[in-house]
Amino acid sequence: MPASERPVVTRIAPSPTGSMHIGTARTALFNWLYARHSGGTFLLRIEDTDRERSTEANVQVILDGLAWLGLEPDAPPVFQFARAERHRAVVARLLETGGAYRCWMTVEELAAEREIARAEGRAIRSPWRDRDPPAGVNLPHVVRFKGPLDGETLVHDLVKGTVRFGNRELDDLVLLRSDGAPTYNLAVVVDDHDMGITHVIRGDDHLNNAARQTLIYQALGWSLPEFAHLPLIHGPDGAKLSKRHGAQAVGEFADMGYLPEAMRNYLARLGWGHGDDELFSDAQAIAWFDVRDVVKAPARLDWNKIAHVNNHYVRAADDARLTSLTLEAMARRGETIAEDARDRLMSAVPLVKEGAKTVLELLDLSRFALVHRPIAIDAKSEALLTEEVRARLGRLAKHLWSQEDWTPAALTVALRAFAESEGVGLGKFGGPLRATLSGGLPAPDLASALTALGRDESLGRIADALSPRK
RNA sequence: GGGCCCUUCGUCUAUCGGUUAGGACACCAGAUUUUCAAUCUGGGAAGACGGGUUCGACUCCCGUAGGGCCUACCA
């Protein structure tokens with residue numbers, strides 16, 4: 001049955017050879033969205049056939065990354081290396097049917113052939129394609145796929161359309177290394193087939209492989225999956241995304257204080273869109289998503305837009321959750337957290353989250369509530385505290401002492417009443433009061449700041465500022 | 001070098017032959033104002049280039065330029 005008629009099964013197939021790239025995260029997201037949209041299944045396969053570079057720790061990075069993004073697969077991961085026997089069996093079958101051959105080329109011979117092939121503008125060919133095995137059959141050798149020498153291979157891609165490849169351009173790729181280990185292109189085909197993958201949704205960098213893989217599917221007599229190659233994500237300058245651009249691993253985005261739901265929204269919008277919709281829920285994305293609507297051109301990461309989207313989700317996020325995330329960010333920075341920090345954060349977070357683009361900014365904006373008495377007052381704020389102002393703040397302190405109802409609404413009224421009694425505008429002491437309360441650190445509006453700090457802390461800070469310098 | 005992919009405001013995108021080419025982020029100006037921010041109003045900003053096809057092209061075709069991917073016994 002053709003893949004397009006079977007229940008949808010997608011997969012994300014990262015290799016555990018480093019951190020989890022943000023591009024991998026988006027590929028996972030699109031696979032997940034498509035599976036959810038189609039009522040299908042989303043799977044994970046760890047491509048750990050590169051024994052040199054694959055590590056246990058990197059596998060964990062992938063698992064953690066997907067979990068953080070909320071894109072957990074519907075079944076336990078398949079480890080590609082564990083399926084090596086199966087891969088070898090398939091190669092054996094290919095060897096029997098003439099779909100593959102043993103190649104005894106040495107590295108030197110290979111290098112020479114590569115040079116010639118390049119000069120002639122064609123793919124490399126092995127002389128062992130149509131030659132009998134050498135005398136000593138035990139000599140190390142690889143097994144190569146025996147591809148057609150002419151004709152064309154067509155890849156019907158859901159985002160790129162039909163792409164044609166001249167078969168003479170497609171080399172006889174290695175299926176089994178000289179140590180008997182299966183290679184990527186063989187393993188992918190076998191695994192995708194065995195896992196029942198109907199839609200191979202992956203990065204653009206695999207488009208060429210799709211042609212080679214198509215040939216393998218055909219040689220094996222297997223039906224092809226649908227292919228969808230996603231354009232890559234570039235850095236803000238259009239070049240390949242690298243560390244230089246600020247971040248490329250999902251873990252880094254998490255540490256910088258971006259929310260997973262914001263990343264899903266932003267990443268979905270990068271290379272895919274639904275009319276003018278910018279901010280949307282997972283449910284909406286699932287309802288709207290179709291790989292066929294994916295944009296063909298590569299997209300650049302835009303820090304401003306990520307920040308904007310993230311701010312939207314920070315505003316919508318639960319305060320307790322944001323407080324926990326902020327505390328975690330502090331711990332990561334190695335900051336010691338005071339006993340009462342959580343309560344103070346908790347009261348400050350809802351007041352400052354409107355302006356916070358990340359959790360880290362949430363921390364910066366909450367800082368005024370976390371510092372301890374006597375708080376440091378910067379020069380600019382200190383300059384506001386003239387004799388006249390100090391006297392007025394003294395009277396204000398007295399006024400606030402008698403303030404019973406310590407709520408934003410009541411305090412707003414109290415501040416206005418005081419201004420009236422002084423016969424001045426709020427501007428005459430608002431700035432200075434803020435100076436005593438936050439010492440120059442950003443803080444929300446006065447009534448809110450007073451509420452967040454609480455009665456004792458607020459009055460204490462004012463008193464500290466008015467008392468003679470030590 | 002060869003094969004393949006891509007090309008609308010600075011960025012992400014809408015448009016699926018006929019629009020004053022729309023939206024979002026960013027930017028600029030103004031309003032508000034107790035710092036920063038937020039908020040509100042307004043503004044500038046695009047079809048890479050050259051040929052076709054067509055009554056009519058951002059949209060279809062060809063070429064050029066530019067960018068990207070692949071060209072491993074990596075994935």
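Sequence lines set the chain letters: A, B, ... in the order given, protein chains first and strands last, and positions in each chain run from 1. All values below come from the heavy atoms of this structure, side chains included, with hydrogens, waters and symmetry mates left out.
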Numerically ordered, the residues 297-306 of chain A set in heavy-atom contact under 4.0 Å with RNA chain B is A297(A), P298(A), A299(A), R300(A), D302(A), N304(A), K305(A)

Return the polar atom pairs (N/O with N/O) between nucleotides 62-65 of chain B and the protein under 3.5 Å, or none.
none

Margin query: Tell me whether R26(A) forms a cation-pi arrangement with F30(A), defined as NZ or CZ under 6.0 Å from the six-membered ring centre and within 45 degrees of its axis.
Written below: yes

Point to revise | N/O donor-acceptor pair, side chain T183(A) with base rC73(B), under 3.5 angstrom | key: no

Requested in this report: Tell me whether the OP1 or OP2 atom of rA75(B) has a side-chain N or O from T49(A) closer than 4.0 Å.
Outcome: yes

Checking N1-N3 plus N6-O4 or O6-N4 for Watson-Crick, or N1-O2 and O6-N3 for wobble, each under 3.5 Å, the partner of rU59(B) is none

Inset, instruction - Rounded to whole angstrom, note down the C1' distance from rA45(B) over to rU64(B). - result: 27 Å

Its contact letters, B for base, S for sugar-phosphate only and - for none at protein heavy atoms under 4.0 Å, make nucleotides 32-40 of chain B read --BBBSSS-

So, are E388(A) and R395(A) salt-bridged, with charged N and O less than 4.0 Å apart? no

Item to complete: Kindly confirm or rule out a cation-pi arrangement of R51(A) over F81(A), judged by NZ or CZ under 6.0 Å from the six-membered ring centre and within 45° of its axis?
Response: yes

Using Watson-Crick geometry (N1-N3 plus N6-O4 or O6-N4) or G-U wobble (N1-O2, O6-N3), each under 3.5 Å, rG42(B) is paired with rC28(B)

Scanning all shown strands, the Watson-Crick or wobble mate of rA14(B) with both distances under 3.5 Å is none

